[in-house]
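Notes for the one structure printed next.
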Amino acid sequence: MSVHFKNSTSGGEWDLLLASQSLEGLQSSLIKNQYGTREGSNSTPKVTKGSSWYGSSLLLVNVALGAGLLNFPEVFGRAGGIVVAICVQAVLLAFMLTSLLTLAYCSDVIGCCTYQDVIRSICGERTRRVCAVCIVFYMFGSSVTYLIVLGDQFDTVLRSLYGMEFCNNWYMRRELTTVVSAICIILPLSFPKRINFLQYASSFGVVALLYVVFLIIYEYFAGNYIPGVIKTSFTSWKDMFLVVPTICFAYECHVSSVPIYSCLADRRLLTFLRTALVAITLCAFTYSVAAATGYLTFGSRATSDILESYDAKDTVVMVGTAALGAKMFTNYPMVMFCGRTALDDLYTQTRGISVDEAVKSERCRRVIIALIWFSSSLTLALLIPNIGILIEFVGSLAAIFIFVFPGLCLLKVTLKKDPCLSGLKNKFLVLWSAFFLTIGTFIFFLVLTQALIKDISGKSASGKPNPCRE
């Protein structure tokens, strides 16, 4: 496999974003496993031109910035206020940075260029399948989230333009606007075998989210909103963990980090440290500013989708709502592509389908999986009241990618290099990997348990699930 790059940050770097790096890197890994290279290879793909470290930082930023931004102001309040939430975020980001370096280190040792290649080569085929299952669930949850956000934008605009009377018009109801727009725009984009045609939309997605950040800041200073109660400390120490799923969901770029690292012109851990540090700093600044100003604007009245709280009659808000809706149209096919390919790989592996048969029936499987994926995610998006509930579940799963798998890889690589742990460095790496496994497992089960308890007790995240639902 040969990877070709354009060496400019103004256009070429952005063009590579998800189509040619994280998504095609994942597709390459899965297709290679599925159609003939089952045992994996330790050879690194030939890179004819590498990307610069600052261009790669922008790639990581583009991957990380997403719909989690909308949920940040609300969870800042539930976690105990701005100071508490930012402190928890800082601690988690330190671990996430270490996790990114761990994946890069393991990638160098094994000579692999995608996340799943690293998992398979180090942990074996069974663990790789578990990783694929996690990817399927994570991407499916993200797909549902994007559809919910899309429905939120339609409701926000129509409610602002026509008031609550829009609910009396069947052609304006969320059930119809979301379904029709998804079928007409998203569904046709879900079938192609490759999604290179969406590569230019990725840069638009970042611009759209940055505009939303501008909108939140602008409304804080120019808007005339009466905030609810503003917390300055948590009620219970467990409240601090309420921000964890949103942080994990928002900063999850680890699956894409391995192919991005492999494409660096100067592929060294020190270079990638600079790349990851700049990317995380930019994301942290963006998320924190938006969360702080959004929370100060509405206080306890902040909803799980912050844009729902603004008046879409304002031109500034209307533009932001439209831009975010357009981003959801392009984001959905991207995450479906990852999930669809992983699901296809699991199916062929489980059924023991030969390489020739897999190639011949690939188109049929792709269409069937896309239809099932689309219809089921659309149904859930209409049933789940707001993104806050879903982010709590998906965020707990993101902890697996961020902590558990990297910790497991580091443990196995270290033990393989030094089974007797004779070196002090290797002893430290084993302890560090054990710590990663422990904290990742703890976050996963704690956050998942909290989400289940809140959902069962009816104390889920606040929001405006459907203004027309009685």
Please report the C-alpha distance between Phe72 and Tyr287 in whole Å, then the side-chain angles of each, then the deciding distance to 0.1 Å, and finally whether the ring pair (Phe, Tyr, Trp, His ring centres under 6.0 Å) criterion is met. CA-CA 7 Å; Phe72 257 85; Tyr287 280 129; 4.8 Å; yes
Carefully, step by step, assess Leu371 and Leu187 under the rule side-chain contact (heavy atoms from CB on, under 4.5 Å). CA-CA 8 Å; Leu371 287 174; Leu187 185 59; 4.3 Å; yes
Under the ring pair (Phe, Tyr, Trp, His ring centres under 6.0 Å) criterion, do Phe374 and Phe191 qualify, and how do the steps go? CA-CA 10 Å; Phe374 176 80; Phe191 295 114; 8.4 Å; no
I would like to know whether Met96 and Cys248 meet side-chain contact (heavy atoms from CB on, under 4.5 Å); could you show each step before the answer? CA-CA 9 Å; Met96 289 181 182; Cys248 290; 4.2 Å; yes
Checking Met328 against Leu147 for the side-chain contact (heavy atoms from CB on, under 4.5 Å) test, could you report, in this order, the C-alpha distance in whole Å, the side-chain angles of both residues, the deciding distance, and whether it holds? CA-CA 7 Å; Met328 296 304 104; Leu147 290 175; over 6 Å; no
Under the criterion side-chain contact (heavy atoms from CB on, under 4.5 Å), I'd like the reasoning laid out for Phe405 against Val118: C-alpha separation, chi angles, the key distance, then a yes or no. CA-CA 10 Å; Phe405 285 131; Val118 172; over 6 Å; no
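Tyr261 has its ring centre no less than 6.0 Å from the ring centre of Tyr115. Aromatic rings of Phe403 and Phe442 (six-membered ring for Trp) have centroids beyond the 6.0 Å cut-off, not under it.
No more than 12 heavy atoms of other residues, nucleotides or ligands sit less than 6.0 Å from atom CZ of Phe285. The number of heavy-atom neighbours closer than 6.0 Å to OH of Tyr162, taken from other residues, nucleotides and ligands shown, is 12 or below.
Looking only at side-chain heavy atoms (C-beta outward), Arg366 and Asp344 stay at 4.5 Å or farther from each other. Side-chain contact between Thr297 and Ile216 is absent, with no heavy-atom pair separated by less than 4.5 Å. At a threshold of 4.5 Å between non-hydrogen side-chain atoms, the residues Phe444 and Val404 do not count as touching. When side chains are defined from C-beta on, Leu92 counts as touching Ile443, because their heavy atoms get closer than 4.5 Å. Taking 4.5 Å as the limit, every side-chain heavy atom of Pro227 sits out of range of all side-chain heavy atoms of Leu296. Put simply, the side chain of Tyr310 does not reach to within 4.5 Å of the side chain of Thr156, judged on heavy atoms. Looking at heavy atoms from C-beta onward, Pro333 lies out of side-chain contact with Phe337 at the 4.5 angstrom threshold. In this structure, Val243 and Val84 have side chains that are not in contact, with every pair of non-hydrogen atoms separated by 4.5 Å or more.
Panel note: side chain Arg129, backbone Thr350; no donor-acceptor pair is recorded below 3.5 Å. One N or O on the side chain of Ser99 and one on the backbone of Ile402 form a donor-acceptor pair closer than 3.5 Å. A donor-acceptor pair is defined here as one N or O able to donate and one able to accept, closer than 3.5 Å; such a pair exists between the side chain of Asp305 and the backbone of Leu307. Between the side chain of Arg365 and the backbone N or O of Ala358 there is at least one donor-acceptor pair closer than 3.5 Å. Between the side chain of Ser107 and the backbone N or O of Leu103, no donor-acceptor pair lies under 3.5 Å. Using a distance-only test at 3.5 Å, with no hydrogens or angles considered, no donor-acceptor pair links the side chain of Ser396 to the main chain of Leu448.
Between the CG atom of Leu410 and the OG1 atom of Thr102 there is a distance of 5.0 Å, given to the nearest 0.5 Å. The distance from the CG atom of Leu100 to the SG atom of Cys253 is 5.0 Å, given to the nearest 0.5 Å. The line from CZ of Arg340 to CD1 of Ile372 is 13.0 Å long, rounded to the nearest 0.5 Å. For the atom pair CG of Leu383 and CG of Leu378, the computed distance is 9.5 Å after rounding to the nearest 0.5 Å. Annotation: the span from Ile135 atom CD1 to Thr341 atom OG1 amounts to 10.0 Å, rounded to 0.5 Å. Atoms CE and CG, on Met139 and Leu343 in that order, are 13.0 Å from each other to the nearest 0.5 Å.
Remark: Arg174 engages Asp152 in a salt bridge, criterion side-chain N to carboxylate O under 4.0 Å. Here Glu125 pairs with Arg128 in a salt bridge; the nearest charged N to carboxylate O distance falls below 4.0 Å.
Ring orientation note: the planes of Phe140 and Trp373 are nearly perpendicular, at an angle over 60° on the 30°/60° scale.
Summarising the geometry of Pro259 relative to Val255, their closest heavy-atom pair is CD-O, 3.6 Å, with the distance given to 0.1 Å. Between Ala85 and Ala79 the shortest heavy-atom distance is CB-CB, 4.4 Å. Across Leu397 and Cys134, no two heavy atoms sit closer than the pair CD2-O, 3.4 Å. In plain terms, the two heavy atoms of Leu408 and Leu437 that are nearest each other are N-CD2, 3.6 Å. Taking each heavy atom of Val212 and Gly320 in turn, the nearest pair found is CG2-O, 4.3 Å. What you find for Gly68 and Ile391 is that their closest heavy atoms are CA-CD1, 4.4 Å.
Residue pairs meeting the side-chain hydrogen bond (donor to acceptor under 3.5 Å, both in side chains) criterion with at least one partner in residues 205-224, sequence neighbours excluded, are Glu219-Tyr225.
Residues passing the side chain to side chain contact (heavy atoms under 4.5 Å, CB included) test with Val83, sequence neighbours excluded: Cys87.
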